[in-house]
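Quick note: numbers below take in every heavy atom, side chains included, and nothing from hydrogens, waters or symmetry partners.
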Amino acid sequence: MRKNSVAVLDIRSSEIVAVVGERGVNNTFIIKSKYSCDYDGFAEGELLDVENFTEAVRDVVKSTVNALSGIKSFYVGVPGEFIKIVNTDKVISFNTSKRITNGDCAYLAELSAPYESDEYKTIRHSCLYYVLSDKRKLIYPVGETSDSLQGRFCFYQCKNSFIDILLEAFGKFGGIADVHLIPTVQAEAMYLLEPEKRDEYSVLVDLGYISSSYSVVCGNGLAFGESFSVGVGHIAVYLMTELEVPFEVALSFMTKVNLNAKEKLNTLEECVYEGKVYSFPTVTIRDKIREGLDGICETLEQCQQSFSGKNLDGKTVYITGEGVKVIRGTVEHISNRLVKNVEIITPKVPYYDKPHFSSLLSLLDTALRDAKPVSIFKKFQRF
């Protein structure tokens, strides 16, 4: 594999995707290979079927390795359900005013590191912002003069049980020497939101199929993050239960209805499945879907209330993920329900400018920028 290419594994709540890519012109990407595999997903911080997950990982990794020679490392996006975000605030003082160096920032980060338990290991960290002795708040303080340096840090800790399962899956590939972990929520925040949006607090929601995440982004880190096991797939289950129809029929109805349309009361939606015709009033299906979305909105409201660091009432909610475009009118309904401005945010790349590509390209961008990756093979020495 070419030196400037990276291999990335994107683990979503219903699908695993592996790509090999490199940087193109104007910050675009060149995708050299792409393989995907559906699997059972995860909920409440646990994989629903470990064997099924392991087989899916091995399937896409094997296809990638067979397609392109020389792949020795993989970057793996860790879903928010397996990540714990720990924020710390530390300050160091100097004898006299001096120019801040990279070494000072690294030392402050080391002092700020939280305790690692038997359940979680720190896989990455970033700094929301630094504060100098004159109270100036900066994202990059190197070269500035100050007699103290304060930093607000974000440490991303991953469940050891998830790491162990990944190591077992990748352990079958003798040619892969390194596996690097990237918190998907961090990658999306840094790639999708421009620095100007991150200077102050921004809200980013990834609406998934089984699992979703709510992030409060500031500077180069997350001030708050919460993942919850609710997505558009749960709306399909709710529709299936309420209408007493097969799951496939419920999925079909979800894609047909437009929440913003105003059909006549006698308008019907029909679906033919296994030779049987299912027919329901459009207004009935629409109301049930809205009820399902209201459940997601209630969870988002709870996430906002859980964050006490900043008043977010007037903040735009940026939303992305594979669940955004499944039901027409989803964003408008969430906006009305939350009484907030809600905007879809996607990668600014031709063809890939769709919400369901956000996590994949965010991970690819982070991997290509990664200057000093840490391998879990080496760090945790499981083999």
Side-chain angles (χ1 to χ4, degrees), residues 10-17 19 29 31 34 36-39 41 77 79-80 184-185 187-189 191-193 202-215 227-240 247-263 269 271 282 285-297 299-300 316-338 340-365:
D10 181 21
I11 301 171
R12 302 297 299 177
S13 58
S14 62
E15 180 186 43
I16 298 176
V17 182
V19 302
F29 303 98
I31 305 297
K34 181 174 180 287
S36 64
C37 182
D38 293 336
Y39 77 116
T184 301
V185 289
E188 287 188 331
Y191 177 64
L192 297 175
L193 294 171
S202 292
V203 178
L204 177 64
V205 173
D206 185 309
L207 179 60
Y209 189 76
I210 299 176
S211 176
S212 304
S213 63
Y214 176 97
S215 303
S227 291
F228 47 95
S229 301
V230 181
V232 294
H234 292 84
I235 299 176
V237 173
Y238 179 69
L239 203 60
M240 175 187 72
F247 183 73
E248 291 76 9
V249 175
L251 284 176
S252 176
F253 282 148
M254 281 173 54
T255 60
K256 290 181 177 182
V257 171
N258 185 344
L259 300 182
N260 295 325
K262 295 182 179 179
E263 292 92 351
E269 295 295 338
C271 175
T282 302
I285 299 173
R286 186 188 296 126
D287 287 346
K288 297 300 179 184
I289 291 175
R290 283 174 175 163
E291 289 172 10
L293 281 174
D294 284 344
I296 294 176
C297 291
T299 304
L300 294 177
T316 295
V317 175
Y318 296 99
I319 189 168
T320 195
E322 72 263 43
V324 173
K325 293 286 190 178
V326 175
I327 306 165
R328 287 174 290 173
T330 293
V331 173
E332 291 82 358
H333 181 84
I334 293 176
S335 178
N336 293 334
R337 178 65 169 73
L338 298 180
K340 285 181 176 294
N341 182 39
V342 178
E343 295 181 11
I344 297 176
I345 190 167
T346 65
K348 297 179 176 61
V349 178
Y351 178 73
Y352 291 99
D353 55 346
K354 309 290 189 302
H356 61 276
F357 286 123
S358 288
S359 58
L360 180 63
L361 292 200
S362 295
L363 292 169
L364 186 55
D365 179 76

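When all heavy atoms are compared, the tightest approach of L192 to P347 is CD2-N, 3.8 Å. Minimum interatomic distance between E322 and Y209 (heavy atoms only, all atoms of both residues): OE2-N, 3.6 Å. Closest of all the heavy-atom pairs between C297 and L338 is O-CD2, 3.7 Å. Minimum heavy-atom separation, N260 to G329: ND2-CA, 3.5 Å. The minimum heavy-atom distance between S335 and V342, with the atom names listed, is CA-CG2, 3.6 Å. Taking both residues in full, the closest heavy atoms of M254 and V232 are given as CE-O, 3.5 Å, listed atom of the first, atom of the second, then distance.
Side chains of V324 and T330 form no contact here, defined as non-hydrogen atoms less than 4.5 Å apart. A heavy-atom distance below 4.5 Å is found between the side chains of I289 and L239. Using a 4.5 Å cut-off on side-chain heavy atoms (C-beta onward), T346 and F357 make no contact. Considering only heavy atoms from C-beta on, R290 comes within 4.5 Å of D287 through its side chain. In this structure, Y352 and I31 have side chains that are in contact, with non-hydrogen atoms separated by less than 4.5 Å. By the 4.5 Å heavy-atom criterion applied to side chains, V326 and I235 are not counted as neighbours.
With values rounded to the nearest 0.5 angstrom, E248 atom CD is found 9.5 Å from C271 atom SG. In this structure, the separation between CD on E291 and CG on D294 is 7.5 Å, given to the nearest 0.5 Å. The line from CZ of F253 to CD1 of I327 is 13.5 Å long, rounded to the nearest 0.5 Å. Rounded to the nearest 0.5 angstrom, Y191 OH and K348 NZ are separated by 8.0 Å. In this structure, OG in S359 is found 11.0 Å from CG in L364, a value given to the nearest 0.5 Å. One distance of note links CG of L293 with OH of Y238; it measures 11.5 Å at 0.5 Å rounding.
Between the side chains of N341 and T316, a donor-acceptor pair is found at a separation under 3.5 Å.
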- Task: Just do the side-chain contact (heavy atoms from CB on, under 4.5 Å) check on F228 and L300 with the steps written out, would you?
- Result: CA-CA 9 Å; F228 47 95; L300 294 177; 3.7 Å; yes
- Apply the test side-chain contact (heavy atoms from CB on, under 4.5 Å) to residues L259 and E332: give CA-CA distance (whole Å), side-chain angles for both, the deciding distance (0.1 Å), then the verdict. CA-CA 8 Å; L259 300 182; E332 291 82 358; over 6 Å; no
- Candidate pair K325 and H356, rule side-chain contact (heavy atoms from CB on, under 4.5 Å), full reasoning: CA-CA 8 Å; K325 293 286 190 178; H356 61 276; over 6 Å; no
- Query: So I319 and E343, side-chain contact (heavy atoms from CB on, under 4.5 Å) or not? Walk me through it.
  - Reply: CA-CA 6 Å; I319 189 168; E343 295 181 11; over 6 Å; no
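A donor-acceptor contact shorter than 3.5 Å is absent between the side chain of D365 and the backbone of L361. With hydrogens and angles disregarded, a donor-acceptor distance shorter than 3.5 Å links the side chain of H234 to the backbone of G231. With hydrogens and angles ignored, the 3.5 Å screen pairs a side-chain donor or acceptor of T320 with a backbone N or O of I345. With T299 contributing its side chain and G295 its backbone, the two residues share a donor-acceptor pair below 3.5 Å.
Using a cutoff of 4.0 Å between basic side-chain nitrogens and carboxylate oxygens, R12 and D206 are scored as salt-bridged.
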